[in-house]
Amino acid sequence: MAARGHVQDPNDRRLRPIYDYLDNGNNKMAIQQADKLLKKHKDLHCAKVLKAIGLQRTAKQDEAFTLAQEVAVLEPTDDNSLQALTILYREMHRPELVTKLYEAAVRKVPTSEEYHSHLFMAYARVGEYKKMQQAGMALYKIVPKNPYYFWSVMSLVMQAISAQDEKLSQTMFLPLAERMVEKMVKEEKIEAEAEVQLYFMILERLGKYVEALEVVQGPLGEKLTSELQSRENKCMMLYRRLERWAECNALSCKLLLKNPDDWQFYLLYFDSLFHLIDQIENSHSAEGEVHSSISQALSFMEDRIATEEAKESKHLRGPYLARLELIRRLRERSCPEAQQLGEPLELMFQFFVKYGDKPCCITDLKIFLDLLKPDQHVQFINRLMEAVPLGAPGEDGVAFPGDTRALQRHLCVTQLSRSLGQQHALNTQGKLGLIKELKAHYRHGLQFGKSCLKTELQFSDMYCLMAAHVYIDLWLETGDQNMLWQSLGLLEEGLSHSSSNAQLKLLLLLLYCRLGAFEPVVDLYSSLDAKHVQHDTIGYLLTRYAESLGQFAAASQSCNFSLRFFHSNQKDTSEYVIQAYKYGAFEKIPEFIAFRNRLDHSLHFAQVRTERMLLDLFLEADISSPLEESVKLMSLCPEEDDILWDSLRDNRDLTVLVSWNPKDRQLNEEHKQRSLEEDTLWLRLRSLTLRLIGCISALTHHTSRNSEKTTENGVAAKPSSLRSLLSQLENTLNQATQFTEKQLQYPFVGPVPSRLAQALSSGCCQCQLSSLQLPLHLQELEAAGLDESTALQTQISNLFKSLAVQLQDMLEKCKGDPLEVKDSQSTTQHFLLENLVYFVETVCIVLWVSNYCGSVLRPLKSSLQKKKKKKKEASTVTPPVLSAYQEFNSSLQSLLNQALEHIKSQEISLTALKLGALSLEGQTQSEAEETFTKTAMDKVQSSYLRSLQEIGELLKKRADTLKSLKI
């Protein structure tokens, strides 16, 4: 709550109990206490605001807002009321009201430093940069302190960054900010490092790199002390931008002599070296000696390595890796001098001898494997194995390491072997033998981790993970699902010994999802304890499968979880920006704003938002609780597309899972681009479907209101917008069909395929489009009447028949056993669950359309009957469209009954299914392995059962509402 200590206010003692109740979450008591206090002291504004906070927290937002506005219009200036109102408005997500509050306070108390600074921060929360600039200068005039002046300067920089017109930034905002800082420099009023950093930022954005260099190298640069080598790093960056390669080279040499392990300086040294070689001229620099020939570079590298070799302990890896990097660059330029540095195989072997017992060795050497010739791969691995101290082979012929350092060396060689493609080249029997060996090494290595804490990883976990990967290779090559079951069992075993291993959890999560079992995934993802931005970068692994597998409750929870992060980010970033202003971390402010924009435009955010709204409609909106109420609560406007398609950012971390695949099997840029295209197409389809549902809702509401002879402005969707959205949906569907025809394959440890291909295969997209086209024809019929529209009625009747046929076809694609056991072989067909979900979604949309059709046809039928009565006609012929509508509803009822019977039969057979031990040709499983594999199979079975139950419950709810569709 608001800070209350040391405020010299006689009312403080009276307010304290209310504060305490609010702090303890006892909001009802806080409201009662506030009411008691207000009876005695009607003018105690703060008590009113505290009561409003209590009301806000008990979901009485309207009452809270009314009460708060009663106080706000009085323009209070007491600290308690202002702070309480600020808290309330923040909880209401109305930060713009805080600015009005402090604007009024500043008008009444124009000399208050506190109110002026609160006003500045209030503007910062809403991103009013121009007003921030003015507030900062007003504050500086009252209290001439440097931070306030530079708040104003930074606000000018933010105006430049956020300006739509780049020219305006470069000609007005940034030059003005530069002049303001120069004024302080001339008056020698620069005091803090933050002020120099801001000056540097302005010059950098203006492209004045020479002037920026002068600042860094001059007296002002001496203030840059908070970061290690801050001045040198800035000089290096500026030299690079100014293409002063001689200075860049000399400085990187100097810095490498100080710190021979800093990789970024090696890269800058090589970049500058080859630029200088290409310039073919003698170079000099005030920074020191310049290397402009390959011979100088070779000599420099030899000196660095000789220095390391002379050390008795703590050898640095940098010089050894830099030598390999130099070989690569010389080879790229076809320079014969590359041979003088040595043979890469021998150099990498020496590196392994020195650092093979460290986990970093694999990542260091992996990036230089391309220096080896293909015919050297086997020789290289054999050579490394000679440097691994292993004991005598046991009965099974496997030799084990005697300690953790030897284990790490063996593990490194095994990983390099996979990275060179040697494991992939094995035949089926070879891979099964490799798995047996890896499992033996894994279980042997567990003895070294007996004393590990639960939060620590086992030393041999990577053997387990790699064996699981080899099982997956076999599954992909042979299609034998037993391999997948064994992979799951092994990962479950690994997790039982190493419960904090994120890689085991991620691979398990992915495998369960690929098998269509979402139930175990929820706990796995939760145990990952994803933090902050990870909800965006890896959250897609969860939300992609949640709804598509029929686990609607878990899907709703998953979407809420992700959305909570995205919404809190929008609020939290403002607080980060305010703290950055307070502590002078000006260079961080643009980063915070860019980070917020990155998340606001996240593809995952748009997907989750759209899927959550669709899910809510499918679950909650039926004919008895009108669709339009749900649409209204969502503030869904069909005419407006709230997704900024051109600004969408793909923030997914597609490399989060460990992989040792060789280069030809790795994730590449084309995979990433195709995956983004696929996900964007699916999002377009879902977004257009959602907006079209909004149109149907508005049309239904408009039709029902018209039948009551009343109208309501702005409720009805325009027929033009319905037609436009249908056209967009049809075009997107055609694009999606063309995309899926390419049948692109991603690496298993790579992008997760979207729901697009399965949705098109199930027929749901085409069926939904057909049903959503009906309202257009019904509008024409409404305008023409039943008397003179025979051709149109025939067309609509045919559409009803076609829709019934499409729905029947969809149901046929749902039939089959999602999990079956034949000859001790357990196989899954999880796509049947996805097809069932698409069927239920389509049924929901068809019911809403059918409800709209009924709302149009009822008054037309009534009008026709009245005409017949007036003319005293005895004709009993029912117009074709009315007969077709009634027949369609009957066939829909029959179809839903079939679907419910199918789901019920699947539930019964799944419950009765006994999953026994796997039949493994030429393999044996220990009792422990069988137990873990059986656990995994039981989880899949249980998940399928839960999915069928939830799908069945939703379909039954929809079938019950169908009875009310009569005309």
Side-chain angles (χ1 to χ4, degrees), residues 359-360 362-363 366-367 411 415 418-419 455 457-458 461-473 476 484 487-488 490-492 494-495 498-515 517-518 520-546 558-559 561-562 565-566 569 595 598-599 602-608 648-663 665-676 678-679 745-755:
C360 61
I362 173 65
T363 48
K366 199 174 169 185
I367 54 176
L411 191 54
Q415 289 170 308
R418 185 166 176 83
S419 297
T455 51
L457 308 187
Q458 289 290 333
D461 276 352
M462 282 300 177
Y463 288 120
C464 175
L465 197 63
M466 193 177 290
H469 275 275
V470 182
Y471 270 131
I472 292 166
D473 292 343
L476 294 172
L484 204 53
S487 181
L488 280 169
L490 182 58
L491 290 168
E492 288 282 4
L495 205 56
S498 189
S499 58
S500 297
N501 192 313
Q503 286 299 327
L504 294 176
K505 290 175 187 178
L506 284 166
L507 191 56
L508 257 178
L509 186 150
L510 193 61
L511 288 176
Y512 277 128
C513 283
R514 290 288 178 96
L515 279 172
F518 191 73
V521 168
V522 180
D523 289 337
L524 278 170
Y525 185 82
S526 177
S527 69
L528 280 170
D529 198 17
K531 294 284 190 294
H532 203 257
V533 75
Q534 288 176 318
H535 292 304
D536 187 25
T537 56
I538 65 171
Y540 71 94
L541 291 168
L542 187 70
T543 53
R544 150 65 182 90
Y545 290 100
S558 304
C559 289
F561 205 60
S562 288
F565 158 68
F566 285 112
N569 158 67
F595 180 69
R598 177 185 152 194
L599 291 182
S602 163
L603 171 70
H604 182 227
F605 182 26
Q607 287 172 326
V608 173
L648 279 182
R649 291 282 304 267
D650 184 5
N651 297 331
R652 296 173 299 166
D653 183 355
L654 300 175
T655 57
V656 66
L657 278 93
V658 164
S659 165
W660 304 274
N661 287 340
K663 199 168 184 179
R665 291 172 179 257
Q666 283 173 7
L667 182 70
N668 57 38
E669 284 306 313
E670 188 189 359
H671 291 137
K672 292 178 187 177
Q673 194 54 45
R674 293 294 185 190
S675 172
L676 174 60
E678 183 181 354
D679 273 27
Q745 294 293 318
Y746 304 119
F748 184 82
V749 180
V752 175
S754 79
R755 297 168 64 187

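For the side chain to side chain contact (heavy atoms under 4.5 Å, CB included) with L504, the qualifying choice from L524, L491, L457 is L491, the only one to do so. Considering V749, I538, T537 in turn, I538 is the only one that fulfils the side chain to side chain contact (heavy atoms under 4.5 Å, CB included) rule with V656.
Looking only at distances, a side-chain donor or acceptor of S419 sits under 3.5 Å from a matching main-chain atom of Q415. Using modelled atom types, one side-chain atom of E678 and one backbone atom of S754 make a donor-acceptor pair closer than 3.5 Å. The closest donor-acceptor contact from the side chain of R514 to the backbone of V752 lies at 3.5 Å or more, if one exists at all.
H604 places none of its side-chain heavy atoms less than 4.5 Å from the side chain of N651. Side-chain contact between R652 and S675 is present, with at least one heavy-atom pair separated by less than 4.5 Å. Annotation: side chain of N569 is not in contact with side chain of D536 (no heavy-atom distance under 4.5 Å). With contacts defined as side-chain heavy-atom distances shorter than 4.5 Å, the pair L667/P751 qualifies. Looking at heavy atoms from C-beta onward, F605 lies out of side-chain contact with L599 at the 4.5 angstrom threshold. Proximity of D679 to D650: side-chain heavy atoms (C-beta onward) are nowhere separated by under 4.5 Å. Side-chain atoms of C513 and R544, non-hydrogen and from C-beta on, never get closer than 4.5 Å to each other. By the 4.5 Å heavy-atom criterion applied to side chains, L603 and Y540 are not counted as neighbours.
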Next item on the list: Give the intermediate values and the outcome of side-chain contact (heavy atoms from CB on, under 4.5 Å) for residues V521 and Y545.
Entry: CA-CA 10 Å; V521 168; Y545 290 100; over 6 Å; no
Next item on the list: Might you work through the side-chain contact (heavy atoms from CB on, under 4.5 Å) test for V658 and H469, ending with a clear yes or no?
Entry: CA-CA 10 Å; V658 164; H469 275 275; 5.5 Å; no
Checklist line | V470 and R418: CA distance, side-chain angles, deciding distance, side-chain contact (heavy atoms from CB on, under 4.5 Å) verdict | finding: CA-CA 10 Å; V470 182; R418 185 166 176 83; 3.8 Å; yes
Next item on the list: Check step by step if side-chain contact (heavy atoms from CB on, under 4.5 Å) holds for T655 and D653.
Entry: CA-CA 6 Å; T655 57; D653 183 355; 3.1 Å; yes
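Residues A530 and Y525 share a closest heavy-atom pair of CB-OH, 3.9 Å. Shown here for F595 and H532, the closest heavy-atom pair between the two residues is CE2-CE1, 3.6 Å. Closest non-hydrogen pair, V533 versus F565, comes out as CA-CZ, 3.8 Å. Closest non-hydrogen pair, W660 versus K366, comes out as CA-NZ, 4.1 Å. Nearest heavy-atom pair across A468 and L490 is N-CD2, 3.9 Å. Listed here is the closest heavy atom pair of N661 and Q666: O-NE2, 2.8 Å.
Note that CG of L541 and CG of L528 are 9.0 Å apart. Values are rounded to the nearest 0.5 Å. From L511, atom CG reaches atom OH of Y471 across 13.0 Å, with rounding to the nearest 0.5 Å. One distance of note links CD of Q503 with SG of C464; it measures 12.0 Å at 0.5 Å rounding. Between atom OH of residue Y463 and atom CD of residue Q458 there is a gap of 13.5 Å, rounded to the nearest 0.5 Å. In this structure, H535 NE2 and L542 CG are separated by 10.5 Å, a value rounded to the nearest 0.5 Å. If you take OH on Y746 and CD on E670, they are separated by 9.5 Å, rounding to the nearest 0.5 Å.
The number of heavy-atom neighbours closer than 6.0 Å to CD of Q745, taken from other residues, nucleotides and ligands shown, is 12 or below. In this structure, F561 places its CZ atom where only 12 or fewer heavy-atom neighbours from other residues, nucleotides or ligands lie under 6.0 Å away.
Classification of R665 and D473 as a salt-bridged pair fails, no side-chain N sitting under 4.0 Å from a carboxylate O.
In summary, the side chains of S527 and D529 do not present any donor paired with an acceptor at a separation below 3.5 Å, with no hydrogens or angles considered.
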